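Each remark here refers to the structure printed beneath this line.
All values derive from a computational prediction rather than experimental measurement.
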Amino acid sequence: MTADTSEPVLSIEDLRVHFHTDAGVVKAVDGVSWSVAPGETLGIVGESGSGKSVSALAVMGLVPVPPARYESGRILFKGRDLIAADEKERRAIRGKEISMIFQDPLTALNPVFRVGHQIAEVIQAHDKKVGRVAARAKAVELLGEVGIPNPKQRAREYPHQFSGGMRQRAMIAMALALDPLVLLADEPTTALDVTVQAQIMDLLIRLQSQRGTAIVLITHDLGLVAGHADRVLVMYAGNVAELGTIDDVYYRPRHPYTLGLLNSLARMDQRRTDRLKPIVGQPPSLIRVPPGCPFHPRCPFATDICRKEMPPLEPKDGPDHLAACHHSDQVALQQSPAAS
């Protein structure tokens, strides 16, 4: 965690991405704002379907339009609005200045091309001056840099010949091939064992410290975020529930959803005498989001105002700790499991 205090390199402002389907309008992202600075790691957490991945795919320009539609908002990269940019400009940025590690490397990698060829293709697509031989040599170098043994041999192999951890490393090598300013890591450790998870995250943080890359870490793993992020954004039903530093959100949560996530997290550093407390109910359908606060059907603090009015995202303990809750003061009186 080597956060830079300079201006954000990437900012999302009031982003709304809705999918217009036969069943109705899916409000996948519904008014989300966040930013990340050079050298900073922003963690985005929430249950499946909360809009984490869609917001990242929108940055990359990979949301299918139609059925998706950008209802409002801006995605600012170095002052340029990527939503307003044409496809040629987005292609020049995608993969070179902003890269993404996709959630499932087995499906993200093309099964009929060798791994080294796919990495070399990324390099040549953005730099026409690099020849085929030089691009292949760079691909081998990158595979070695991310810790793949015998990279020259492995570069000639196909994705199905790699283990899950090695495919993830190959995806990281591809994402870092052109020294991007921003790296979007969507569930980079999903389905990996704990040892490989630690290796992957250590690799990302080491490369970040060397290159000053801004990382957006998208995950459902609160423990992973606690150990590697500078700030954390909690999403629920396409909205921002809470945003702040790790200390703010983990030790002084001001949204009941954040508190619920922390209560359901197992602690390995201390003996626990009571049972874990799961969040009751299920996340809402994004076609039929409840009126008022979307979390109110599952919230133990909910009152009439929660069922009628959407709470604004506003400062709580300080200007950098934001939460969208009518009863954040009551939530603050509950001790966070992280603080115990």
Side-chain angles (χ1 to χ4, degrees), residues 8 10-36 41-77 81-85 87 90-91 93-95 98-105 107-108 171 175 180 182-190 214-222 224-225 229 231-243 257-258 261 282-290 294-295 310 313 324:
L10 176 67
S11 300
I12 286 181
E13 299 178 356
D14 192 33
L15 181 64
R16 299 175 193 272
V17 182
H18 296 174
F19 290 80
H20 294 257
T21 71
D22 293 339
V25 178
V26 179
K27 298 179 179 179
V29 177
D30 200 31
V32 169
S33 299
W34 52 258
S35 64
V36 63
T41 299
L42 172 70
I44 302 182
V45 301
E47 293 168 288
S48 297
S50 61
K52 307 185 302 296
S53 295
V54 173
S55 62
L57 291 171
V59 172
M60 296 295 291
L62 296 176
V63 175
V65 180
R69 185 184 299 168
Y70 292 95
E71 302 291 347
S72 71
R74 299 192 300 169
I75 300 173
L76 299 177
F77 175 66
D81 186 359
L82 298 184
I83 295 178
E87 182 58 23
R90 284 196 294 266
R91 284 177 63 88
I93 293 171
R94 183 168 57 229
I98 304 176
S99 287
M100 186 168 182
I101 302 171
F102 294 95
Q103 193 168 124
D104 184 0
T107 56
M171 281 291 301
V182 179
L183 178 63
L184 307 175
D186 189 4
E187 302 280 6
T189 61
T190 296
I215 294 178
V216 179
L217 176 60
I218 302 168
T219 182
H220 61 272
D221 189 337
L222 274 75
L224 191 70
V225 169
R231 291 185 300 130
V232 58
L233 174 79
V234 182
M235 289 188 66
Y236 185 79
N239 294 271
V240 176
E242 190 161 359
L243 172 64
Y257 180 58
T258 308
L261 290 175
Q282 299 292 328
S285 164
L286 296 180
I287 297 178
R288 293 176 293 276
V289 179
F295 187 63
M310 178 70 175
L313 184 68

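- Applying the salt bridge (charged side-chain N to carboxylate O under 4.0 Å, His left out) test to residues at least two apart or on different chains, the pairs with a partner in residues 15-31 are Asp14-Arg16, Arg16-Asp30.
- Legend: residues meeting side-chain contact (heavy atoms from CB on, under 4.5 Å) with Pro66, ordered by chain and number and at least two apart, are absent.
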Test side-chain contact (heavy atoms from CB on, under 4.5 Å) applied to Leu82 and Ile98, step by step: CA-CA 11 Å; Leu82 298 184; Ile98 304 176; 3.9 Å; yes
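- Among all heavy-atom pairs drawn from Val29 and Ser55, the shortest one is CG2-N, 3.9 Å.
- Applying the side chain to side chain donor-acceptor pair (under 3.5 Å) rule to Arg74 yields the partners Glu13; only residues at least two apart in sequence or on another chain are considered.
- Here the shortest heavy-atom pairing between Val32 and Met235 reads CG2-CE, 3.6 Å.
- Taking the side chain as every heavy atom from C-beta outward, Arg94 and Met100 never approach each other to under 4.5 Å.
- When all heavy atoms of Leu233 and Ser33 are compared, the pair lying nearest together is CD1-O, 4.4 Å.
- Looking only at distances, no side-chain donor or acceptor of Arg288 sits under 3.5 Å from a matching main-chain atom of Gly24.
- Between Ala68 and Val17, the closest heavy-atom pair is CB-CG1, 4.2 Å.
- Here the straight-line distance linking atom NE2 of His20 with atom CD of Glu71 works out to 4.0 Å at 0.5 Å rounding.
- Of all the heavy atoms in Tyr236 and Pro283, the pair that sits closest is OH-CA, 3.8 Å.
- Arg90 places a side-chain N or O within donor-acceptor distance of the main-chain N or O of Ala85, the cut-off being under 3.5 Å.
- We find the CG-CH2 distance between Leu10 and Trp34 to be 4.5 Å, quoted to the nearest 0.5 Å.
- To the nearest 0.5 Å, atoms OG (Ser99) and CD1 (Ile215) are separated by 11.5 Å.
- Partners of Leu313 by side-chain contact (heavy atoms from CB on, under 4.5 Å), not counting sequence neighbours, listed by chain and number: Val240, Leu322, Ala324.
- In terms of heavy atoms, Pro180 sits closest to Ala175 at CG-O, 3.3 Å.
- Every side-chain contact (heavy atoms from CB on, under 4.5 Å) that Leu286 has, sequence neighbours left out, goes to Val26, Ala237, Val289.
- In terms of the side chain to side chain donor-acceptor pair (under 3.5 Å) criterion, Gln282 has no residue partners (sequence neighbours excluded).
- Scored by the side chain to side chain donor-acceptor pair (under 3.5 Å) test, Thr258 finds Glu242 as partners (sequence neighbours excluded).
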In residues 42-53, what donor-acceptor pairs under 3.5 Å come from side-chain atoms, sequence neighbours left out?
{"from": "Glu47", "atom 1": "OE1", "to": "Tyr257", "atom 2": "OH", "distance (Å)": "3.0"}
{"from": "Glu47", "atom 1": "OE1", "to": "Arg298", "atom 2": "NH1", "distance (Å)": "3.1"}
{"from": "Glu47", "atom 1": "OE2", "to": "Arg298", "atom 2": "NH2", "distance (Å)": "3.4"}
{"from": "Ser50", "atom 1": "OG", "to": "Glu47", "atom 2": "O", "distance (Å)": "2.9"}
{"from": "Lys52", "atom 1": "NZ", "to": "Gly46", "atom 2": "O", "distance (Å)": "3.0"}
{"from": "Lys52", "atom 1": "NZ", "to": "Glu47", "atom 2": "O", "distance (Å)": "3.2"}
{"from": "Ser53", "atom 1": "OG", "to": "Asp186", "atom 2": "OD1", "distance (Å)": "3.2"}
{"from": "Ser53", "atom 1": "OG", "to": "Asp186", "atom 2": "OD2", "distance (Å)": "2.8"}

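- With sequence neighbours left out, Phe102 forms a ring pair (Phe, Tyr, Trp, His ring centres under 6.0 Å) with no residue at all.
- With sequence neighbours excluded, the residues satisfying side-chain contact (heavy atoms from CB on, under 4.5 Å) with Met310 are Asn239, Pro294.
- Atoms CD1 and CG, from Ile218 and Leu224 in turn, are 12.5 Å apart once rounded to the nearest 0.5 Å.
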